[in-house]
There are 2 protein chains.
Amino acid sequence: MQRIPILQMGSCLLVTIQVDLQDQTALALQDDLAAKIERSGARGVLIDISALEIVDSFIGRMLASISGIARVLDAMTVVVGMQPAVAITLVELGLSLDGVRTALNVERGMHLLRAAQAEAATDDAAE
Amino acid sequence: MQRIPILQMGSCLLVTIQVDLQDQTALALQDDLAAKIERSGARGVLIDISALEIVDSFIGRMLASISGIARVLDAMTVVVGMQPAVAITLVELGLSLDGVRTALNVERGMHLLRAAQAEAATDDAAE
């Protein structure tokens with residue numbers, strides 16, 4: 001079975017999805033990601049889907065589920081690189097990716113994560 | 001045909017190789033990478049091969065070739081995330097990945113690229 005690699009960059013984890021996800025691969029990714037967040041203490045997860053030409057309800061649920069798991073482990077998830085045609089289809093299908101944050105590309109996603117971390121640090125300092 | 005996504009982060013490009021490379025995919029990656037270096041003016045390329053369980057002479061040649069193309073476009077290539085078993089097999093097979101720089105993981109690879117860029121900037125200033 002194929003496993004999707006998770007790359008660590010500072011306090012962020014980066015996952016690039018390149019293949020059509022099968023159930024087993026998606027489950028393995030959730031497990032690996034949860035384990036890696038716990039081990040590394042990462043505060044952010046970036047998921048790049050620029051290689052995906054179709055995002056169906058299965059992938060939508062998986063993204064929402066990863067995002068939920070990361071949230072309870074105190075990490076924020078940002079999905080980046082969605083192709084314009086994918087965005088159009090998602091909206092037409094009524095799939096709104098509830099609870100999943102998105103950004104145009106990796107750089108903007110990283111910026112979003114850093115801003116959220118800086119804000120959290122300020123809040124901590126104020127308490 | 002599958003295309004491998006190339007992510008831009010600052011002045012670096014990141015490629016994660018997750019699938020067994022076929023000739024066509026490898027050629028497309030070379031083309032895409034050369035075009036992206038030209039368009040973005042990137043100074044470094046990180047290639048993550050942590051998902052590969054086998055690196056044969058074909059992949060070795062491809063990595064050397066990408067590294068060579070990037071070099072003439074004024075970008076440095078670092079291959080990161082090689083599995084220990086892959087490193088052992090490479091040496092046993094006598095494949096030494098000539099002209100390809102390696103680093104343990106993405107973070108160290110990024111560090112290597114930044115150090116090289118800082119050095120180049122100092123050299124420019126000294127002239």
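The structure displayed is predicted, hence computed values, not measured ones. These numbers come from the heavy atoms of this one structure, side chains and all, not from hydrogens, waters or symmetry mates. So you know, we letter chains A, B, ... as the sequences are listed, proteins then strands, and number each from 1.
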Going only through I, L, V, M, F, W and Y residues with side-chain contacts under 4.5 Å, is there a path from [X] to [Y]?
X	Y	result
A:Val55	A:Leu93	yes
B:Leu95	B:Leu52	yes
B:Ile6	B:Leu27	no
A:Leu97	A:Leu29	yes
B:Val15	B:Ile59	yes

| query | Sub-3.5 Å donor-acceptor pair from the side chain of A:Glu107 to the main-chain atoms of B:Gly10, do we have one? | reply |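 Flag set: sc A:Glu107 to bb B:Gly10 pair under 3.5 Å.
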| field | Close approach to chain A in residues 34-50 of chain B, criterion heavy atom under 4.5 Å | value |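 The residues closer than 4.5 Å to chain A, in numerical order, are B:Asp48, B:Ser50.
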| Proximity of residues 116-124 of chain B to chain A, residues having a non-hydrogen atom under 4.5 angstrom |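 Those residues of residues 116-124 of chain B which would need a heavy atom under 4.5 Å from chain A do not exist here.
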| Remaining members of the apolar cluster that contains B:Ile54, side-chain heavy atoms under 4.5 Å |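 For B:Ile54, no cluster forms, as it stays isolated from other hydrophobic side chains.
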Below 3.5 Å, can you tabulate the donor-acceptor pairs from side chains in residues 61-78 of chain B to any protein atom, sequence neighbours excluded?
residue, atom, partner, partner atom, Å
B:Ser65, OG, B:Gln30, NE2, 2.8
B:Ser67, OG, B:Gly99, O, 3.1
B:Arg71, NH2, B:Gly99, O, 3.1

| query | Hey, are the side chains of A:Val80 and B:Leu7 touching, using non-hydrogen atoms and a 4.5 Å cut-off? | reply |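 A:Val80 does not reach B:Leu7 side chain to side chain.
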| Leading residue by heavy atom contact count with chain B [cutoff under 4.5 Å; candidates A:Met9, A:Glu53, A:Gln18, A:Met110] |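 If we count pairs closer than 4.5 Å to chain B, A:Gln18 comes out on top.
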| query | When rounded to the nearest 0.5 angstrom, what is the spacing between CD1 in A:Ile4 and OG1 in B:Thr16? | reply |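 Result: 10.5 Å between the selected atoms.
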| said: I'd like to know whether CG of B:Asp20 has more than 12 heavy-atom contacts from other residues, nucleotides or ligands below 6.0 angstrom. | reply: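 Not buried by this count: 12 neighbours or fewer within 6.0 Å.
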